[in-house]
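All figures in this text were calculated on a predicted structure; none of them were measured in a lab. Just so you know, these numbers use all the heavy atoms, side chains as well, and skip hydrogens, waters and symmetry mates.
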Amino acid sequence: MSCNSCSSDINSVPKGCKSNGSCATGDCEKLSVFDWLGNMSLPTGQDPINIVEVRFKNGRKHFYKNVDNLPISIGDIIAVEGNPGHDIGTVSLTGELIKVQMKKMGIEIDSEDIKKIYRKATQKDIDVWTAARNKEYDTQFRGREILGRLGLKMKLSDVEYQGDGNKATFYYTAEERVDFRQLIRDFASAFSIRVEMKQVGLRQEAARLGGIGSCGRELCCSTWLTDLRNVNTSSARYQQLSLNPQKLAGQCGKLKCCLNYELDTYLDALKGFPRQDTILKTHKGDAMFIKMDIFKGLLWYTYKENRAKWFKLTLEQVQEIIELNKNKELVQSLEEYELDLAVVAKVEFENVVGQDSLTRFDAPKQKKKRNKSRNLKKQQATNRPQHKNNKTGKKQHPNQQNQAQKQQKPNSNQPVKKATRNKKRRPPRKSANETKNT
């Protein structure tokens with residue numbers, strides 16, 4: 001994990017603090033090892049080990065012999081033996097802890113495969129090394145163009161130049177065997193360097209490239225995980241996880257390595273649980289296993305003939321039924337055991353400190369603007385001057401006075417009707433038949 005002030009570029013070089021992997025926190029070194037024996041002195045008569053651990057790009061590490069007994073400490077940039085030429089790397093570990101790391105990697109101290117250290121890197125070596133590292137991105141981009149032109153079914157994931165700039169290692173992934181003899185010739189003619197092809201797996205590719213996992217943190221394989229073990233779907237079954245490949249797969253497309261982290265704990269917890277193929281025999285019928293909750297110790301069973309309802313039982317109840325079945329005794333039904341299951345009371349919030357509300361220090365809520373506007377209108381209405389009516393002598397509101405004036409004044413737009421006398425209506429004339437009858 002890098003420190004908070006660092007951010008890595010495409011070449012995995014920190015560009016925040018500009019320390020290039022050797023800041024004061026010591027956390028910018030990927031897969032770094034803490035030397036907990038560094039402050040201890042050796043016993044009398046014992047010589048220190050002359051092997052150091054050197055780190056290269058993307059956490060690649062190798063062990064080298066300090067034949068000339070150079071004064072080397074952690075963080076020094078040194079020139080080591082290459083194949084061919086020399087390579088430049090950073091010392092990541094020294095001291096007696098090297099023996100533990102070599103034993104972990106399965107490397108003998110007297111092995112002939114351990115190469116030697118030439119010297120501490122000079123300024124010229126560092127300049128050549130930096131210039132070679134700057135060409136890696138362009139080389140990778142052009143290499144992918146050549147791959148597309150040849151039509152090979154392989155993916156070029158990364159390129160690493162040697163410290164002297166005379167050799168480059170191309171890391172690729174492929175599902176099938178690839179004949180890249182023509183590809184090596186094209187690479188050698190295009191870049192004028194010695195080419196080495198190295199195939200890596202999908203997990204190793206994700207470890208080299210890095211990324212963010214579904215948990216929101218950096219990938220374990222690119223930060224601290226060095227032992228990439230196989231992960232099977234059985235580990236997901238033991239943990240009662242749904243076999244959904246979209247949720248169980250990581251950035252590499254394989255099953256997540258974190259499925260193995262808690263597997264041993266689940267296996268220990270499952271020792272007290274019965275086998276899933278165990279059938280509970282009752283008078284009502286045979287019951288089969290559906291699912292379980294390892295943390296709460298609950299199991300769900302259902303009848304083979306009627307699977308409409310699941311019965312929730314505790315681990316003790318299931319073991320009791322199994323013991324009775326071993327003695328050739330049948331249980332009446334699962335409904336009786338489900339009724340005996342005690343309901344756990346929910347723990348509610350208890351005001352221990354005497355604080356009634358967590359929002360007691362918040363600002364009070366402001367009243368709505370509508371209520372304020374209504375109150376203002378009422379106050380303005382009460383403070384307005386009141387006028388007397390000329391005829392009745394009563395006080396009249398100004399709004400009522402304006403309405404009366406409007407009724408008295410005729411509208412100029414409407415035509416004025418002439419005044420007519422009120423005439424009495426004449427009775428209707430009677431017909432001739434009606435006059436005769438009268």
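Residue Glu329 qualifies as enclosed at atom CD: its count of foreign heavy atoms under 6.0 Å is above 12. Within 6.0 Å of the NZ atom in Lys65, the count of heavy atoms belonging to other residues, nucleotides or ligands exceeds 12. Around atom CD of Gln46, more than 12 heavy atoms belonging to other residues, nucleotides or ligands sit under 6.0 Å away. A 6.0 Å sphere centred on CG of Asn230 holds no more than 12 heavy atoms belonging to other residues, nucleotides or ligands. Within 6.0 Å of CD on Glu262 lie no more than 12 heavy atoms contributed by other residues, nucleotides or ligands. More than 12 heavy atoms of other shown residues, nucleotides or ligands fall within 6.0 angstrom of atom NZ in Lys120. Within 6.0 Å of CZ in Phe289 there are more than 12 heavy atoms belonging to other residues, nucleotides or ligands. The 12-atom threshold is not exceeded at NZ of Lys281, counting heavy atoms of other residues, nucleotides or ligands nearer than 6.0 Å.
Residues Leu270 and Ile294 meet the side-chain proximity criterion, which asks for heavy atoms closer than 4.5 Å. Contact check for Glu108 versus Met102: no side-chain heavy atoms found under the 4.5 Å cut-off. Residues Ile51 and Tyr64 fail the side-chain proximity criterion, which asks for heavy atoms closer than 4.5 Å. At a threshold of 4.5 Å between non-hydrogen side-chain atoms, the residues Gln101 and Ile107 do not count as touching. Counting heavy atoms from C-beta outward, Val67 and Asn50 have side chains that stay 4.5 Å or more apart. Between Ser92 and Ile74 there is no side-chain heavy-atom pair separated by less than 4.5 Å. When side chains are defined from C-beta on, Gln140 counts as touching Arg144, because their heavy atoms get closer than 4.5 Å. Within the 4.5 Å cutoff, the side chain of Met292 has heavy atoms near those of the Gln276 side chain.
Only one option out of Leu156, Asp186, Val178 pairs with Leu147 in a side-chain contact (heavy atoms from CB on, under 4.5 Å); it is Leu156. Considering Lys115, Arg55, Arg60 in turn, Arg60 is the only one that fulfils the salt bridge (Lys or Arg N to Asp or Glu O under 4.0 Å) rule with Asp87. If you run salt bridge (Lys or Arg N to Asp or Glu O under 4.0 Å) between Glu160 and each of Lys167, Arg133, Arg208, Lys135, only Arg208 comes through.
Formation of a donor-acceptor pair under 3.5 Å by the Asp293 side chain with backbone atoms of Phe295 is found in this model. For Gln317 (side chain) and Tyr337 (main-chain N/O), a donor-acceptor pair under 3.5 Å exists by modelled atom type. In this structure, Gln319 contributes its side chain and Glu316 its backbone to no donor-acceptor pair below 3.5 Å. Distance alone, capped at 3.5 Å, places no donor-acceptor pair between the Thr282 side chain and the Val331 backbone. In this structure, Glu145 contributes its side chain and Phe141 its backbone to no donor-acceptor pair below 3.5 Å. Listed for the Gln162 side chain is no donor-acceptor partner under 3.5 Å among the backbone atoms of Gly82.
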Quiz item: Run the side-chain hydrogen bond (donor to acceptor under 3.5 Å, both in side chains) check on Ser189 and Arg185 step by step: do they pass?
Solution: CA-CA 6 Å; Ser189 61; Arg185 298 191 192 99; over 6 Å; no
Quiz item: Ser214 and Lys256: side-chain hydrogen bond (donor to acceptor under 3.5 Å, both in side chains), yes or no, with the steps?
Solution: CA-CA 10 Å; Ser214 58; Lys256 295 179 181 178; 2.7 Å; yes
Quiz item: Can Met154 and Met197 be said to form a side chain to side chain contact (heavy atoms under 4.5 Å, CB included), step by step?
Solution: CA-CA 12 Å; Met154 56 185 294; Met197 303 295 294; 3.9 Å; yes
Self-check item: Test log, rule side chain to side chain contact (heavy atoms under 4.5 Å, CB included), inputs Leu259 and Leu248
Solution: CA-CA 8 Å; Leu259 292 175; Leu248 298 180; 4.3 Å; yes
Quiz item: After noting the C-alpha distance and the side-chain angles of Ile117 and Ile72, does the key distance pass the side chain to side chain contact (heavy atoms under 4.5 Å, CB included) rule?
Solution: CA-CA 10 Å; Ile117 299 174; Ile72 296 175; 3.9 Å; yes
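Legend: ring pair (Phe, Tyr, Trp, His ring centres under 6.0 Å) pairs involving residues 159-181, not counting sequence neighbours, sorted by first then second residue: Phe170-Phe187, Tyr172-Phe180.
With hydrogens and angles left out, the side-chain atoms of Thr223 and Glu218 include no donor and acceptor closer than 3.5 Å. In this structure, a donor-acceptor pair under 3.5 Å is present between the side chains of Ser73 and Asp76. With no hydrogens or angles considered, a side-chain donor-acceptor pair links Asp125 and Thr122 at under 3.5 Å. If you check the side chains of Lys296 and Thr314, you find no donor sitting under 3.5 Å from an acceptor. Between the side chains of Asn327 and Glu323, no donor-acceptor pair is found at a separation under 3.5 Å.
One distance of note links CD1 of Ile321 with OH of Tyr301; it measures 8.5 Å at 0.5 Å rounding. Distance check, rounded to the nearest 0.5 Å: CG of Asn134 to CH2 of Trp129 gives 11.0 Å. Atoms CG and NZ, on Asn66 and Lys116 in that order, are 12.0 Å from each other to the nearest 0.5 Å. Atom CG of Leu93 and atom CD1 of Ile98 lie 4.0 Å apart (nearest 0.5 Å). Interatomic distance, OH of Tyr118 versus CD1 of Ile88, reported as 11.0 Å (0.5 Å rounding). Between the CD1 atom in Ile49 and the CG atom in Leu42 there is a gap of 10.5 Å [rounded to 0.5 Å].
Annotation for Ala79 and His86: closest pair CB-CD2, 4.2 Å, computed over non-hydrogen atoms. Of all heavy-atom pairs between Leu209 and Ser157, the closest is CD2-O, 3.7 Å. Minimum interatomic distance between Val231 and Cys257 (heavy atoms only, all atoms of both residues): CG2-CA, 4.1 Å. Taking each heavy atom of Cys221 and Ala206 in turn, the nearest pair found is SG-C, 4.1 Å. The two atoms that bring Asp164 and Val128 nearest to each other are O-CG1, 3.7 Å, heavy atoms only. Between Leu255 and Arg203, the shortest heavy-atom distance links the atoms O-NH1, 3.1 Å.
Gln251 pairs by the side-chain contact (heavy atoms from CB on, under 4.5 Å) definition with Leu219, not counting sequence neighbours. Under the side-chain contact (heavy atoms from CB on, under 4.5 Å) criterion, Ser333 pairs with Lys284, Tyr303, Glu335, Glu336, not counting sequence neighbours.
Using a 30° and 60° split on the angle between ring planes, Phe56 and His62 fall in the tilted class, from 30° to 60°.
Looking at Lys104 and Asp227, no side-chain N of the basic residue comes within less than 4.0 Å of a carboxylate O on the acidic one, giving no salt bridge.
Under a cutoff of 6.0 Å and an axis angle of 45°, Lys312 and Trp300 do not form a cation-pi pair.
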